[in-house]
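The model shown is predicted, which means the values in this text are computed figures rather than measured ones. Chain naming here is simple, since letters A, B, ... match the order of the sequence lines and numbering starts at 1 in each. What's counted below: heavy atoms across the whole structure, side chains too, no hydrogens, waters or symmetry copies.
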2 protein chains.
Amino acid sequence: MIDADTVAARLANLTFSLLANCQEKEVHLAELHGLTQAEFRCLRLFGTDESLNNKTIAERMKLSPSRLTRIIDGLVKKEYINREIDPNDRRNMRVTLSSKGKSLVQQLNKAYVDIHEEILQDIDPSMHEQLITAMTHLLEALEKWLAKTDY
Amino acid sequence: MIDADTVAARLANLTFSLLANCQEKEVHLAELHGLTQAEFRCLRLFGTDESLNNKTIAERMKLSPSRLTRIIDGLVKKEYINREIDPNDRRNMRVTLSSKGKSLVQQLNKAYVDIHEEILQDIDPSMHEQLITAMTHLLEALEKWLAKTDY
DNA sequence: AATGATTTTTGATATGAACAATAATTTATT
DNA sequence: AATAAATTATTGTTCATATCAAAAATCATT
């Protein structure tokens, strides 16, 4: 797809494939737990003891609040999260993980770390910090590029 | 989200953020060119002088042929691709990039390589090959993991 | 107390995607 | 050669995804 003759081009192809694979993995993992992709992503947004409201979740997921209402409906019905009125401001809904939700999130996080551990086992330990640095650069560059308005 | 105390956890967080950013970038880039995300991804699938048919594109994009028919409809209307009957097998449609399509694909590929070149400039050249190796391992591990059925 | 702003929900609507049926063509079988 | 079977793309239908506009509840300000 891209001429793989320069290091940059090879790296570009790698991140491209990586992205595609990650996406596929997410789809797979979601249906494994009987969740839609949106529900799955919503769940993954939670730290295990976090409490969020509809609006902030919508913002983080870059979806409309109305869409979020229905996604959360699904997660409540499937008993992964609890939804209750915020006593401090009764307009807000306090959305928190149920115990079922917590254990799933923990399990997912663990699996996610595990796979990266596996990967690191294939890589010389002296390279590990370097890899982290490189990936950090990659991420920073991407964020910088995204922040630009003129492209 | 994940305790960032081990290298594996840090790497996990990095790929997670990277994924989110790449997705955002794609959405942004698509609408910048007046394309839907599906159209954009379809276009990016083409090497500049490739000629595909409906079915193979559908397979590569993991979408149904019927969905593809409409996506290609849009790209034809926007004059990014040409669609003509394959003279060898008149059941097939030969889908190729128009000159407008070719130049966009080239431009996108160039931009994609450029951003990775920028990133590499921040990294010691002696480490480049190692980075590629590490990323290749990452990708391989992910593919291997995806191929497993029992997780 | 009245007005205006904020948060969520609901209803209506548009877009995304798959499935089933159809039409056109090619390949296989008799 | 004629018919049957298979393949490819398209169309109509249907369901899921996501947004927008309006409504209801609450809060903040005057």
* Nucleotide nearest Arg83(B) (side chain, heavy atoms from C-beta), chosen from dC19(C), dT10(D), dT26(C) -> dT10(D)
* Testing Asp49(B), Leu75(B), Asn82(B), Val105(B) for side chain to side chain contact (heavy atoms under 4.5 Å, CB included) with Leu97(B), which one passes? -> Val105(B)
* To do: Would you indicate what Leu63(A) reaches in the nucleic acid, counting non-hydrogen atoms under 4.0 angstrom: base, sugar-phosphate, or nothing?
  => sugar-phosphate
* Give the rounded distance in Å between these two atoms: CZ of Arg41(B) and P of dG16(C). => 12 Å
* For the side chain of Arg91(A) and the base of dT8(C), is some donor closer than 3.5 Å to an acceptor across the two? -> no
* Asked: Could you give the CG-to-C1' distance, from Leu68(A) to dT9(C), as a whole number of Å?
  -> 12 Å
* Structure fact -> Judged by nearest nucleotide, the residue sitting upstream toward the 5' end of DNA chain D, Gln37(A) or Asp86(A), is Gln37(A)
* To do: Take the protein atom CD of Glu31(B) and the nucleotide atom P of dA18(D), then report the distance between them rounded to whole Å.
  => 16 Å
* What is the distance, rounded to the nearest whole Å, between atom CE of Met93(B) and atom C1' of dA23(C)? -> 13 Å
* For atom CD of Glu59(B) and atom C1' of dT7(D), their distance in whole Å -> 12 Å
* **Qualifying residue for side chain to side chain contact (heavy atoms under 4.5 Å, CB included) with His116(B), from Leu14(A), Leu11(A), Asn13(A)** => Leu11(A)
* Structure fact -> Of the listed dA18(C), dA9(D), dT8(C), the closest approach to the Asn92(A) side chain comes from dT8(C)
* **Interatomic distance, Ile85(B) CD1 vs dA24(C) P [rounded to whole Å]** => 12 Å
* To do: Report the relative orientation of the aromatic rings in His33(B) and Phe40(B); use parallel for angles under 30°, tilted for 30 to 60°, perpendicular for over 60°.
  => parallel
* May I ask you to check whether over 12 heavy atoms, not counting those of Glu79(B), lie within 6.0 Å of atom CD? => no
* Among dA6(D), dA9(D), dC27(D), the nucleotide that comes nearest once only the side chain of Asp89(A) is considered -> dC27(D)
* Structure fact -> Judged by nearest nucleotide, the residue sitting upstream toward the 5' end of DNA chain D, Asn53(B) or Arg90(A), is Asn53(B)
* Nearest to the side chain of Arg70(B) - dA6(D), dA18(C), dT17(D)? -> dA18(C)
* dT26(D) C1' sits how many Å from Lys55(A) NZ, rounded? -> 14 Å
* Structure fact -> Closest of dC19(C), dT17(D), dC27(D) to the Ser66(B) side chain is dC19(C)
* Asked: Crowded around Lys100(A) NZ? As in, over 12 foreign heavy atoms under 6.0 Å?
  -> yes
* To do: Compare the minimum distances between each of dT9(C), dA9(D), dC19(C) and the side chain of Asn54(A), then state the nucleotide with the smallest one.
  => dT9(C)
* To do: Counting heavy atoms from C-beta on, name the nucleotide in dT26(D), dT8(C), dT10(C) closest to the side chain of Pro65(A).
  => dT8(C)
* Asked: Does OP1 or OP2 of dA18(D) have a side-chain N or O of Arg67(A) closer than 4.0 Å?
  -> yes
* Structure fact -> Side-chain atoms of Thr69(A) come closest, of dA9(D), dT9(C), dT10(D), to dT9(C)
